[in-house]
Amino acid sequence: GKDAAAADNLTANPLPASIEVTPSAEGATPEGARRLIERLAALPEADDVAGGVEWVDKLARLQRLVTLVGLGFGAVLAVAAILTVTTATTLVLHARRHETEIMRLVGAPEFTIRTPLLLQGMIQGLLGAALAIVALATAYYFVAPKLAPLMTVALGLTQVDFLPPAQIAAIAAAGTILGALGGLLARGRGGA
């Protein structure tokens with residue numbers, strides 16, 4: 001504008017040169033950020049290093065809190081899954097109590113009586129895990145495109161990826177194991 005000539009009166013640049021440093025994953029930890037700031041401050045060319053470890057500490061504490069809350073919710077959901085399968089299997093056991101009594105009278109081993117309950121629990125757990133994965137995939141399909149710009153700005157992620165196959169398999173395996181545990185814990189009248 002009209003004051004553009006004011007810069008011509010300056011003998012030197014009043015604004016020092018600056019460099020913005022983006023830390024690696026190691027530098028984003030509280031200890032890594034401290035080391036990075038110390039290394040940058042030790043450079044002879046550096047007059048001032050602006051950057052604090054406080055926000056990295058706060059982010060690390062928030063991440064630990066979110067992890068603990070997630071583990072707590074996971075534990076509650078695991079117990080709920082076991083109890084649901086146990087209750088459903090106990091109802092089936094109760095409905096078939098005459099069959100199991102006859103099997104015991106003719107000398108069937110307990111393993112033969114309990115194996116169908118174990119398999120039923122495993123199938124229920126696997127189906128529950130499959131439904132959870134389908135629900136996650138559906139939510140990802142509809143929500144991820146809307147969250148992608150926010151994730152780019154907030155976290156620097158260029159894209160939001162769905163769960164990798166190894167984690168999908170782990171979810172299915174965990175559901176199957178929890179279902180099997182629920183099937184094993186089922187008890188009918190007479191300790192069946």
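Values below: all heavy atoms of this structure, side chains included; hydrogens, waters and symmetry mates excluded.
- The minimum heavy-atom distance between Thr86 and Thr90, with the atom names listed, is O-OG1, 2.7 Å.
- No side-chain heavy atom of Thr67 sits less than 4.5 Å from a side-chain heavy atom of Arg64.
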What's the verdict on side chain to side chain contact (heavy atoms under 4.5 Å, CB included) for Arg114 and Leu93, showing C-alpha distance, side-chain angles and the deciding distance?
CA-CA 10 Å; Arg114 304 282 306 165; Leu93 190 59; 4.2 Å; yes

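- In this structure, the side chain to side chain donor-acceptor pair (under 3.5 Å) partners of Arg35, at least two apart in sequence or on a different chain, are Glu26.
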Please list, one pair per line, the donor and acceptor atoms closer than 3.5 Å that link side chains of residues 160-186 to other protein atoms, with sequence neighbours excluded.
from, atom 1, to, atom 2, distance (Å)
Asp161, OD1, Gln159, NE2, 3.0
Thr176, OG1, Ala172, O, 2.9

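- Rounded to the nearest 0.5 angstrom, Leu68 CG and Gln63 CD are separated by 11.0 Å.
- The side chain to side chain contact (heavy atoms under 4.5 Å, CB included) test applied to Thr84 returns no partner, not counting sequence neighbours.
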Can you list the steps and then say if Gln120 with Val85 is a side chain to side chain contact (heavy atoms under 4.5 Å, CB included)?
CA-CA 9 Å; Gln120 177 184 342; Val85 171; over 6 Å; no

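- Residues Ile37 and Leu43 fall within the same hydrophobic cluster, defined by Ile, Leu, Val, Met, Phe, Trp and Tyr side chains chained together at heavy-atom separations under 4.5 Å.
- With rounding to the nearest 0.5 angstrom, the CZ atom of Arg39 is 15.0 Å from the CZ atom of Arg34.
- Of the inter-residue distances, the one linking Arg104 atom CZ with Thr112 atom OG1 reads 11.0 Å to the nearest 0.5 angstrom.
- Leu126 and Ile123 are members of different hydrophobic clusters when ILVMFWY side chains are connected at heavy-atom separations under 4.5 Å.
- With values rounded to the nearest 0.5 angstrom, Ile113 atom CD1 is found 13.0 Å from Arg96 atom CZ.
- Atom CG of Leu117 and atom CE of Met122 lie 13.0 Å apart (nearest 0.5 Å).
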